[in-house]
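Below: the structure, in structure tokens.
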Protein chains: 2
Amino acid sequence: MARKSSTFDPQKLDNQICFAVYSAAHAFNRVYKPLLDRLGLTYPQYLVMLVLWERDDVPVKDIGEKLFLDSGTLTPLLKRLEAAHLVRRTRSREDERQVLISLTPQGHALKEKARAVPQSILAASDCSVSELVTMKDEIVALRDRLNAVIGE
Amino acid sequence: MARKSSTFDPQKLDNQICFAVYSAAHAFNRVYKPLLDRLGLTYPQYLVMLVLWERDDVPVKDIGEKLFLDSGTLTPLLKRLEAAHLVRRTRSREDERQVLISLTPQGHALKEKARAVPQSILAASDCSVSELVTMKDEIVALRDRLNAVIGE
DNA sequence: TCACATTTAATTGTTCGCAATTGAATGTGC
DNA sequence: GCACATTCAATTGCGAACAATTAAATGTGA
């Protein structure tokens, strides 16, 4: 064994940023759960609703690009949102390959009920907005570098 | 509607740190996939192996506490690692409620083959080690604050 | 000792996440 | 116009992730 004293072991769990990110994502999920339960949403469903609240009548592909998810994930998720009467799924007239997702009145209305969610998360983070924005920008930059590697 | 000009909209997807973390976790997973495929591991299985490479012969509960996962996730995952001949699962003699997880020789041997993984991830991150360590510490601190909220 | 709570892992059921495949609609080159 | 590739959503199969429940082992108090 090499001497460990002044050595940074890259194979140690707690030294790995990916585990930090992985476990932070789960921690967020657990904080969101009780808040989103009241809205009848899961976290990925909430993300889809955030996309639709920004722009309605979007093809599945566009939602996927925003959230980095594919149809294998989104198709069943969107069917569940449709079953909950929050969205409608309709084939595009111009391009029959596309399925357009649009909000129902209930889907629109949910935006108001969801307004308190980010505030609760901010409180749970126990952190200033500016600190969070800085961290967010760093994480997004890292994510984009990783995604750049994937696309060769 | 309030004027949007100088306003930070907390309900906008790209303003949310949780989505940054969520999407970064998936980006990491996609970078890890081809590396771990060669080892015959998934990312959560790799995390369990990291724990075991640090300390062998551990109860399931300890692994769960390290990784923030419960038995509903770990039991089937560990059975798959056992089927792959990387770990053994044995009831503890002192406390029959516990199942102790220990590495097989193949499980031990895999540590050497996995040594190159963190370096590849570092390269994909395209970022200095010190920057990553700083980010990791910030994310861990945030995660721990979130987890503190969950436990009331 | 005996009733009772606690600890621990396993099980069940639902939802993500993704790779791989399928099939229909569209675009392209000749 | 017609073969061909491309695009897009849906499907299938597998592996997480977690809530809720079950069941066995252990600890505790009267």
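In what follows, every heavy atom counts, from backbone to side chain, and hydrogens, waters and symmetry copies are set aside. For clarity, every value in this text was computed on a predicted model and none was experimentally measured.
- A:Tyr43 and A:Phe28 have their aromatic ring centers separated by at least 6.0 angstrom.
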request  = Check the pair A:Arg88, A:Thr104 against side chain to side chain donor-acceptor pair (under 3.5 Å), reporting the backbone distance first and the verdict last.
outcome  = CA-CA 6 Å; A:Arg88 262 188 295 269; A:Thr104 62; 5.9 Å; no
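- Of the candidates B:Val133, B:Ile139, B:Thr134, B:Asp137 forms a side chain to side chain contact (heavy atoms under 4.5 Å, CB included) with just one, namely B:Val133.
- A salt bridge links B:Glu82 to B:Arg89: at least one charged side-chain nitrogen sits closer than 4.0 Å to a carboxylate oxygen.
- Using modelled atom types, one side-chain atom of A:Lys136 and one backbone atom of B:Asp14 make a donor-acceptor pair closer than 3.5 Å.
- Atom NE2 of B:His26 is separated from atom C1' of D:dA17 by 12 Å (rounded to the nearest Å).
- Listed in residue order, the members of residues 28-50 of chain B having a heavy atom less than 4.0 Å from DNA chain C are B:Arg30.
- Taking the six-membered ring for Trp and the full ring otherwise, the centers of A:Tyr32 and A:Tyr46 sit less than 6.0 Å from each other.
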Could you write out each protein N or O paired with an N or O of nucleotides 9-11 of chain C at a distance under 3.5 Å?
residue : atom : partner : partner atom : Å
C:dA9   : OP1  : B:Val60 : N            : 3.2
C:dA9   : OP1  : B:Lys61 : N            : 3.4
C:dA9   : OP2  : B:Lys61 : N            : 3.0
C:dA10  : OP1  : B:Arg89 : NH2          : 2.6
C:dA10  : OP2  : B:Thr75 : OG1          : 2.8
C:dA10  : N7   : B:Ser71 : OG           : 2.8
C:dT11  : OP2  : B:Lys79 : NZ           : 2.7

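- Under the 4.5 Å side-chain heavy-atom criterion for grouping Ile, Leu, Val, Met, Phe, Trp and Tyr, B:Val140 is not connected to B:Val129 through any hydrophobic cluster.
- Counting to the nearest Å, the P atom of C:dT15 and the CZ atom of A:Arg80 are 5 Å from each other.
- To the nearest angstrom, P of D:dT26 lies 10 Å from CD of B:Glu94.
- Spacing between atom CD of A:Glu96 and atom P of D:dA9 amounts to 13 Å, rounded to whole angstrom units.
- With distances taken from any side-chain atom of B:Asp95 to the nucleotides C:dT15, D:dA25, C:dG17, the minimum falls on D:dA25.
- Ion pairing of B:Asp62 with B:Lys66 is absent here, as no side-chain N (NZ or NE/NH1/NH2) approaches a carboxylate O to less than 4.0 Å.
- Rounded to a whole Å, the CG atom of A:Leu69 is 10 Å from the C1' atom of C:dC18.
- Going from atom CG of A:Leu77 over to atom C1' of C:dT14 covers 13 Å, rounded to whole Å.
- Near DNA chain D, meaning a heavy atom under 4.0 Å away, there are no residues from residues 13-22 of chain B.
- In this structure, A:Glu82 places its CD atom 15 Å from P of D:dA9, rounding to the nearest Å.
- Linking ILVMFWY residues whenever their side-chain heavy atoms come closer than 4.5 Å, directly or via other members, places A:Leu103 and A:Leu36 in the same cluster.
- Between A:Ser125 and B:Arg145, the shortest heavy-atom contact is O-NE, 2.6 Å.
- For A:Arg93 and A:Asp70, each mapped to the nucleotide of DNA chain C holding its nearest heavy atom, the one lying further toward the 5' end belongs to A:Asp70.
- Using a 4.0 Å cut-off between charged nitrogen and carboxylate oxygen, A:Glu112 and A:Arg115 count as a salt-bridge pair.
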